[in-house]
Amino acid sequence: MAMEVTQILLSAQAVDSTVRKHAEDTLKQFQEQNLPGFLLSLSGELASEEKPVESRKLAGLILKNALDAKEQHRKIELVQRWISLDVNVKSQIKACLLQTLPSTSPDARSTASQVIAKVAGIELPQKHWPELIASLLSNVHQVSPHVKQATLETLGYLCEEVEPDVIEQDQVNKILTAVVQGMNTNEANTEVRLAATRALYNALGFAQANFSNDMERDYIMRVVCEATASPEVKIRQAAFECLVSIGSTYYEKLAPYIQDIFNITSKAVLNDEEPVALQAIEFWSSICDEEIDILEEYGGEFTADSDVPCYYFIKQALPALVPLLLETLLKQEEDQDQDEGAWNLAMAGGTCLGLVARTAGDDIVPLVMPFIENNLTKPDWRQREAATYAFGSILEGPSPEKLTSIVNVALNFMLTALTQDPSSHVKDTTAWTLGRIFEFLHGSTIETPIITPANCQQIISVLIQSMRDAPNVAEKACGALYFLAQGYEDVGPTSPLTPYFQEIVRTLLNVTHREDAGESRLRTAAYETLNEVVRSSGDETASLVLELVQVIMTELHNTLEAQKLSSDEREKQNELQGLLCGCLQVIIQKLGSSETTKYAFVQYADQIMNLFLRVFACRSASVHEEAMLAIGALAYVAGPNFANYMPDFYKYLEMGLQNFAEYQVCAVTVGVVGDICRALEDKILPYCDGIMTLLLKDLSSNQLHRSVKPPIFSCFGDIALAIGENFEKYLMYAMPMLQSAAELSAHTSGADDEMIEYTNLLRTGILEAYSAIFQGFKNSPKTQLLFPYAPHILQFLDSMYMEKDMDDLVIKTAVGVLGDLADTLGSNAGSLIRQSLSSKDFLNECLSSDDHLIKESAEWARLAISRAISV
């Protein structure tokens, strides 16, 4: 087989699909029957200079895919498979990979670099392959430029694959030295300098200690800044990418360099090629991101103890930075594709300007207003569009008080421009800017409101007119109307939009039927806006919303009648069905929120449910997420009567719970189970065995996306609350699952922010399950069945309290569980709570919390505990 592998790899790339398929099947069979031999053959192919470049490159690619995968469960399988291979086999493969780095073929070298990094990602954390880094570093000192280049590329990929704590500081220093030397202007070879600069980008995360040393930091910064002046565009671009990363990773170390960086970035923005200029702008965007995060975390109250002080780089740079960014807004492209929103210098500059506004607040307004006033009426569309874009970009950040008077003056001008400006670019940006005005200033507590009875009709009239414009302009006009409606969501039973409701709805429905509604997301925007208009509608329009039910039902029915669709048409049909189901969900929620409209709506429930079942049926193997969400809303409105639909609906519920591939659908279905439990209460009982079996199977599967686990645990609670003591039969399965998840989630020391956030979601789901199970068994003669689980639950609460990293929702739910445990178990719980290490301290902290929900939950827990202890 090894002899034939070259031909098979070449055949796997053949134009003839039959030849290609046969070769692919042969490779798969070889892999399944003899994995060590298969991997050895591939590594040998990659290393051999006699073999064709095409077969070598594919061999390397297959080898890489045998070590890594995007799906977490598959990745774990591949890692375990590699680890379990015979040591001699792995040694031979690794030797072949290293032998490939001096290859004369750039493709073979590059592929080998990536595969070496994948192997290192598995082996270095296990303390295997300790000689790798020394071996690579010895290559860097070779004379041959292509060996240096390949080795530096490998070091870069390696730094991307492994965590910084895996490599010892001594080796980190040597890697950084090799990389920085490779970047040095004394290095004659361009490819070496480029590989070194890209490698530094990946190695920066390892350089914490080096950036804490003034001399080493100065040297790295000097080399990076010199590289931004390289004659080669790709090296300049890579050097600015390094600066962006340094800005994010080592913000607190930047003060000595910030003036030089400003000079370098401004020169690049004004004079360099676009890929370089974009990265130069990105540097300032990254500084904004850092300062926004710091200001949000500390609220501007900095002390000597603050982890990261704010140096206010953006405020200091404002007088020079803002004119620089405004200059970029004038560099639009005549033929830029507004449908795709292609990224260019003007867009990058506007985005950065928006971030600067969020960072600097009111201080940006006087710096931008002269530019807007000077350009807003110029004959060149570029100047008018740039002025409008600048205005829209600075609306988030400054205080409403600072902006209101300016916006009130500008609003009339904008409304006129939206219908009368000859440039589609200007109209597009004007509609977007109006959307931003309504998003950030409409509804805010300011003395002079933006939208008044005097201008409301004109605004709506202009937006409706603009919805007949080109798709890109119409889509932005829909967005503006969306935010206008959103500002009226909480105004009470009477909405200022009521007089215009019918015309708005008619216009939006017409937009969805436009022949070009598929362009610029127009159809989607129209339905999203229609949903928001319904959501924010007042009581007076309830009868019109009820009429809309029939319209949307007819639209959905029409999509189901279509026959013999092509795959492209089928995809569009699925998308439209999703939008219509989403619209019905919003209408159901709106009509279900009052007893009068709920009663009127019920007449349509059977027809709507029948449509949803047909939507599921035409999707066959998969379940429509939007239809599932709409059914959750329908269950709430139908209440116990939803039981009539369960015999037909249950199979689709099963399908959704088993849909690992589309995990969002799985998560939504789990949520709908909860909705149905609340609607049906104990009428859900006939379906509980099947549902619980699937939920437990989900939790046991390594294919399940981790985001689905918290809602599953919460769903245990929904079922327990619905069926009460009948949950007894599931305790022996559910409680160990909850217990093991609780143990895993109790300790988060050393976890990153993302992991802590996920852990808190998991804890909330577990605690909601415990709380509901106790409530479900309350006053039942079977409460003693829960007693064996109480010590562990208290231990879980203790360990979380000790960790001190619970968010407010976890704290509220945890103290609630303490109360539920005492309330349900009574005197049996009293002695256990007394023995708890932290229950008293935890309760007292919650009682003195500033959060009224936590305080309320703690008051209830205190009463329940005092009753339990006094019995």
Point to revise | Other residues, nucleotides, ligands: >12 heavy atoms within 6.0 Å of E273 CD | key: no

Point to revise | Separation between CG of L345 and CD of E274, rounded to the nearest 0.5 Å | key: 5.5 Å

Review point. About how many Å separate CD1 of I62 and NZ of K57, when rounded to the nearest 0.5 Å?
Key: 13.0 Å

Exercise for review: Quick one: which residue pairs count as a ring-ring contact (aromatic ring centres under 6.0 Å, His included) with a foot in residues 192-248, not counting sequence neighbours?
Suggested key: F211-Y250

Check your understanding: Heavy atoms, side chains only, cut-off 4.5 Å: are L321 and L318 in contact?
Key -> no

Check your understanding: Considering residues at least two apart in sequence or located in another chain, which fulfil the side-chain hydrogen bond (donor to acceptor under 3.5 Å, both in side chains) criterion with D272?
Key -> R236

Check your understanding: Taking atom CG of N210 and atom CG of N173, what is their separation to the nearest 0.5 Å?
Key -> 5.0 Å

Revision key, fill the gap. Rounded to the nearest 0.5 angstrom, the CG-OG1 distance for N139 and T154 is 8.5 Å

Review point. Is a donor on one side and an acceptor on the other found under 3.5 Å between the side chain of S266 and the backbone of N263?
Key: yes

Review point. For D68, what residues pass the salt bridge (Lys or Arg N to Asp or Glu O under 4.0 Å) criterion, not counting sequence neighbours?
Key: K75, K118

Check your understanding: Around E168, counting heavy atoms of other residues, nucleotides and ligands shown, do more than 12 lie under 6.0 Å from its CD?
Key -> no

Practice item. Please check if the side chain of R56 supplies one atom and the backbone of S48 the other of a donor-acceptor pair under 3.5 Å. Key: yes

Review point. Looking just at side-chain N and O atoms, do E49 and S103 make a donor-acceptor pair shorter than 3.5 Å?
Key: yes

Check your understanding: Within the side chain of S135, is there an N or O that forms a donor-acceptor pair under 3.5 Å with the backbone of E131?
Key -> no

Revision key, fill the gap. The side-chain hydrogen bond (donor to acceptor under 3.5 Å, both in side chains) partners of T100 (sequence neighbours excluded) come to none

Point to revise | Shortest non-hydrogen contact from E161 toward G121 | key: CB-CA, 4.3 Å

Exercise for review: Before accepting this row, confirm whether a basic side-chain N of the pair E754/R706 lies closer than 4.0 Å to the acidic partner's carboxylate O.
Suggested key: yes

Check your understanding: Does some side-chain heavy atom of L158 sit less than 4.5 Å from a side-chain heavy atom of L124?
Key -> yes

Exercise for review: Take L137 and L155 through the test side chain to side chain contact (heavy atoms under 4.5 Å, CB included) and record every step on the way to the result.
Suggested key: CA-CA 9 Å; L137 290 169; L155 287 168; 4.3 Å; yes

**Study point:** Pair Q92, N88: side-chain N/O donor-acceptor within cut-off below 3.5 Å
**Key:** no

Exercise for review: Work out which heavy atom in M183 is nearest to a heavy atom in V223; give both atom names and the distance.
Suggested key: CB-CG1, 3.6 Å

**Study point:** For L353, the option from I281, L324, L326 that meets side-chain contact (heavy atoms from CB on, under 4.5 Å)
**Key:** L326

Practice item. Show your working on side chain to side chain contact (heavy atoms under 4.5 Å, CB included) between M802 and S799 and close with a plain yes or no. Key: CA-CA 5 Å; M802 299 298 181; S799 60; 5.6 Å; no

Point to revise | Modelled atom types, side-chain donor and acceptor of E45 and S55, under 3.5 Å | key: yes

Check your understanding: Would you find a donor on one side and an acceptor on the other, under 3.5 Å apart, between the side chain of S245 and the backbone of E241?
Key -> no

Review point. Looking at residues at least two apart in the chain, or sitting in another chain, which of them share a side chain to side chain contact (heavy atoms under 4.5 Å, CB included) with E123?
Key: W82, K90, K94, V119, H128, W129

Check your understanding: Quick one: does Q332's side chain have a donor or acceptor within less than 3.5 Å of a partner on L329's backbone?
Key -> yes

Review point. Can you list the steps and then say if R222 with D218 is a salt bridge (charged side-chain N to carboxylate O under 4.0 Å, His left out)?
Key: CA-CA 6 Å; R222 181 169 64 77; D218 285 347; over 6 Å; no

Exercise for review: State the CG-CG distance between D260 and L254, to the nearest 0.5 angstrom.
Suggested key: 11.5 Å

Study note, to complete from the structure: G247 and E290 have their tightest heavy-atom pair at O-CG, 3.7 Å

Study note, to complete from the structure: When every non-hydrogen atom of E153 is compared with those of S110, the smallest separation belongs to OE2-OG, 2.9 Å

Exercise for review: Tell me, please, which residues at least two apart from Y311 pass side-chain hydrogen bond (donor to acceptor under 3.5 Å, both in side chains).
Suggested key: none

Review point. Does the T265 side chain pair with the main chain of A280, one donor and one acceptor, at a distance under 3.5 Å?
Key: no

**Study point:** F313-Y251 aromatic ring centre distance below 6.0 Å
**Key:** yes

Point to revise | Side-chain heavy-atom pair M221, K253 within 4.5 angstrom cut-off | key: no

Point to revise | E163 atom CD, over 12 foreign heavy atoms within 6.0 Å | key: no

Review point. Do you know which two heavy atoms are closest between S286 and V244, and how far apart they sit?
Key: OG-O, 3.7 Å

Point to revise | Validation row: K148, N189 side chains within 4.5 angstrom (heavy atoms) | key: no

Review point. Counting N and O atoms only, with roles assigned by atom type, does the side chain of H146 sit under 3.5 Å from a partner on the main chain of T104, one being a donor and the other an acceptor?
Key: no

Check your understanding: Under 3.5 Å, side chain of D107 to main-chain N/O of E54, donor-acceptor pair present?
Key -> no

Review point. More than 12 non-hydrogen atoms from neighbouring residues, nucleotides or ligands closer than 6.0 Å to CG on D86, yes or no?
Key: yes

Practice item. Using a 4.5 Å cut-off on heavy atoms from C-beta on, say whether the side chain of L200 contacts that of L176. Key: yes

Exercise for review: Just do the side-chain hydrogen bond (donor to acceptor under 3.5 Å, both in side chains) check on Y801 and E845 with the steps written out, would you?
Suggested key: CA-CA 10 Å; Y801 176 71; E845 276 187 29; 2.6 Å; yes

Check your understanding: Given side chains that start at C-beta, do those of L101 and S113 come closer than 4.5 Å, heavy atoms only?
Key -> yes

Practice item. Please test R763 against T759 for side chain to side chain contact (heavy atoms under 4.5 Å, CB included), starting from the C-alpha separation and ending with a verdict. Key: CA-CA 6 Å; R763 290 167 171 174; T759 302; 3.7 Å; yes

Check your understanding: Is the CD atom of E77 crowded by more than 12 outside heavy atoms at less than 6.0 Å?
Key -> yes

Review point. Under 4.5 Å between any side-chain heavy atoms of L98 and L132, yes or no?
Key: yes

Exercise for review: Of all the heavy-atom pairs spanning V276 and Q237, show the shortest one and how long it is.
Suggested key: CG2-N, 4.0 Å

Point to revise | From CA spacing to verdict: side chain to side chain contact (heavy atoms under 4.5 Å, CB included), F371, L330 | key: CA-CA 11 Å; F371 177 85; L330 293 162; 4.1 Å; yes

Point to revise | Reported CG-to-CZ distance for the pair L295 and R358, which is rounded to 0.5 angstrom | key: 10.5 Å

Practice item. Compare all side-chain heavy atoms of L194 with those of E232 and state whether any distance is below 4.5 angstrom. Key: no

